[in-house]
Amino acid sequence: MLDEAFEHADVSSDTIERLRLPKSALKVSIPVRMDDGNLRTFAGYRVRYDDTRGPTKGGIRFHPKVNIDEVQSLAFWMTFKCAALGIPFGGAKGGVTVDPKELSLHELERLSRGYVDAIADFIGPDVDIPAPDVYTNELVMGWMTDQYSTITRELTPAVFTGKPLSMGGSLGRSTATADGASLVIERLLPRIRESAGLPEKPEDTTVAVQGFGNAGAAIAERLAEAGMKVVGVSDSSTALHAPEGLDVGPIAERKRESGELEGEALEGEVSEIEGEELLALEVDLLIPSALEGAIDADNVGDVKAKAIFEVANGPVSPDANSELLDRGVVIAPDILVNAGGVTVSYYEWVQNRAGLYWDADEVRDRLRDKMGTETDAIWEIAEDRQVPLRVAAYVHALRRLGEASDARGSAERYRAAPAA
Ligand code: NAD
């Protein structure tokens with residue numbers, strides 16, 4: 001896919017060479033005193049993939065499957081996401097190999113602060129700016145910002161984004177990923193309606209959302225508010241299906257309060273299905289919002305959705321991507337669809353640097369403009385080059401990375417320069 005993007009982007013060989021390897025990668029161990037008095041050591045990582053366009057930016061994931069390869073891939077994606085959106089950041093990612101559900105709140109706090117102790121020299125508001133990702137949230141960002149400020153002996157809110165409002169967070173950040181995704185859907189639907197065979201009216205449009213977390217629950221709510229029929233939602237333990245549409249609001253509220261999807265008093269005809277069945281529902285839009293690789297060579301044959309909007313990072317494997325495209329399924333790529341999160345993270349950083357805070361309307365208007373402009377630009381590349389939206393998004397990003405890389409000094413420039 002990247003090779004294909006290189007073909008269309010017309011960038012210098014230096015650009016490609018710069019992107020071949022991550023700029024730097026850090027592996028740390030984090031000793032944590034557990035509540036029972038024992039010491040446990042956790043493995044943590046932070047990868048800064050590329051900073052050609054600005055300080056690096058990317059979330060921190062707490063998950064049992066976190067490893068250096070995954071963190072590196074996610075950092076690479078962040079590089080392209082920031083470039084595709086024209087945000088002046090490079091790409092990074094971090095993570096700790098842990099099942100946070102097994103930790104008490106105090107243990108989670110000690111782990112979060114310990115991670116910052118271990119990576120403090122590697123991050124900073126002008127160097128690398130982490131944010132939340134899977135199983136990390138505002139609370140964790142608050143502890144981490146506090147810990148960093150303790151280490152540096154100055155209040156440094158701009159080092160993390162996704163913070164609580166009271167610590168310099170931005171209005172609109174908690175729903176930014178879903179807000180951005182719904183803006184992309186709104187913008188693309190009229191354009192793909194005919195080719196994907198989607199219904200005219202929102203109320204006839206059926207949606208399934210895999211992963212009912214920060215991003216997934218909010219996008220399900222947004223689409224239900226837009227009048228669409230959300231017929232299936234799932235989290236890591238439960239999947240719900242209602243052919244006539246779920247009452248998403250109360251389900252999201254319950255999930256936020258109890259952490260559980262299942263529960264009594266669901267309105268109408270709702271059945272519990274297997275997680276894999278949710279991916280196989282006959283729906284117009286499938287919104288994978290959990291983890292990478294959800295749709296792969298093994299289950300792609302079962303997918304019946306007409307269009308896929310990737311809210312998760314990398315939810316469709318390369319094999320599955322090719323097969324779906326061959327079948328005419330439209331796939332709107334992660335680096336565009338979920339970029340509302342990093343966009344408002346950027347706005348949070350700007351507000352922290354300026355010490356001037358925007359109201360919710362200002363954040364929303366700026367996000368709407370940004371997502372609209374970049375979605376249009378990517379759509380135009382797809383039309384112009386006759387390539388899938390994912391390739392177009394990478395072409396768009398590569399062109400920006402190429403300009404920045406060449407401005408830093410390209411081989412062509414050196415060759416053209418007169419000898420000293
Ligand atoms: P989260 O931890 O809040 O939610 C993840 C959800 O996925 C949880 O409800 C979990 O139960 C569910 N899940 C895990 N495995 C599953 C499975 N096999 N089947 C169904 N559900 C499963 O995380 P999040 O922040 O919402 O992130 C979700 C995805 O979106 C990730 O890929 C993340 O990288 C991406 N993303 C998030 C943001 C953001 O701002 N939150 C921004 C950009 C991208």
Side-chain angles (χ1 to χ4, degrees), residues 57-66 70-71 73-75 77-78 80-82 84-85 87 91 93-95 98-101 130-141 161-163 169-170 172-181 184 208-221 232-241 251-252 254-256 258-262 272-281 286-296 299 309-316 333-346 348 367 371:
K57 181 100 194 80
I60 295 167
R61 179 173 291 196
F62 283 180
H63 194 274
K65 290 200 178 130
V66 163
E70 180 189 73
V71 173
S73 304
L74 291 164
W77 270 320
M78 282 305 296
F80 281 81
K81 194 187 297 181
C82 291
L85 266 285
I87 293 168
K93 204 82 183 188
V98 59
D99 184 353
K101 290 178 189 165
D133 189 65
V134 175
Y135 296 145
T136 55
N137 54 19
E138 287 195 352
L139 184 68
V140 172
M141 292 307 115
T161 60
K163 299 179 292 291
S170 176
R173 173 62 185 87
S174 58
T175 56
T177 302
D179 291 336
V184 174
V209 180
Q210 183 212 29
F212 207 66
N214 293 331
I219 187 71
E221 282 182 293
V233 297
S234 67
D235 65 7
S236 56
S237 52
T238 311
L240 302 176
H241 178 221
I251 298 176
R254 188 172 58 214
K255 170 78 182 172
R256 275 193 278 269
S258 70
E260 304 288 333
L261 249 191
E262 61 192 334
E272 273 196 30
I273 56 173
E274 293 297 319
E276 277 295 312
E277 287 177 72
L278 180 119
L279 296 173
L281 289 175
L286 177 61
I287 322 263
S289 315
L291 295 172
E292 51 272 21
I295 302 169
D296 60 13
N299 62 6
F309 285 83
E310 296 181 334
V311 166
N313 283 309
V316 179
D334 45 10
I335 63 167
L336 171 65
V337 176
N338 69 30
V342 74
T343 303
V344 178
S345 270
Y346 165 52
E348 180 175 335
L367 180 66
M371 297 306 296

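Counting starts at 1 for both ligands and their atoms, following the listed order.
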Legend entry - Salt bridge flag under 4.0 Å for residues Lys93 and Glu292: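 No salt bridge links Lys93 with Glu292.
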
Report yes if [X] has an N/O atom closer than 3.5 Å to an N/O atom of ligand 1; otherwise report no.
X      : answer
Asp235 : yes
Ser289 : no
Ala290 : yes
Tyr135 : yes
Asp133 : yes

Legend entry - Glu292 touching ligand 1 at heavy-atom level, < 4.0 angstrom: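 No, Glu292 has no heavy atoms under 4.0 Å from ligand 1.
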
Inset, instruction - Report yes or no: does Arg173 have a heavy atom closer than 4.0 Å to ligand 1? - result: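 Arg173 counts as a contact of ligand 1 under the 4.0 Å cut-off.
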
Just checking, is any N or O donor in the side chain of [X] or [Y] under 3.5 Å from an acceptor N or O on the other one?
X      : Y      : answer
Ser345 : Arg173 : yes
Asn338 : Asn313 : yes
Lys163 : Ser170 : no

Inset, instruction - Pull out every atom of ligand 1 sitting under 4.0 Å from any heavy atom of Ser234, numbered as shown with elements. - result: 20 (C), 21 (N)

Legend entry - Interfacing atoms of ligand 1 (cut-off 4.0 Å, heavy-atom, Arg61):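 This gives 32 (O), 34 (O) as the contact atoms.
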
Legend entry - Nearest candidate to atom 8 (C) of ligand 1, where distance is taken over non-hydrogen atoms, out of Gly341, Gly213, Ser345: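 The nearest heavy atom belongs to Gly213.
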
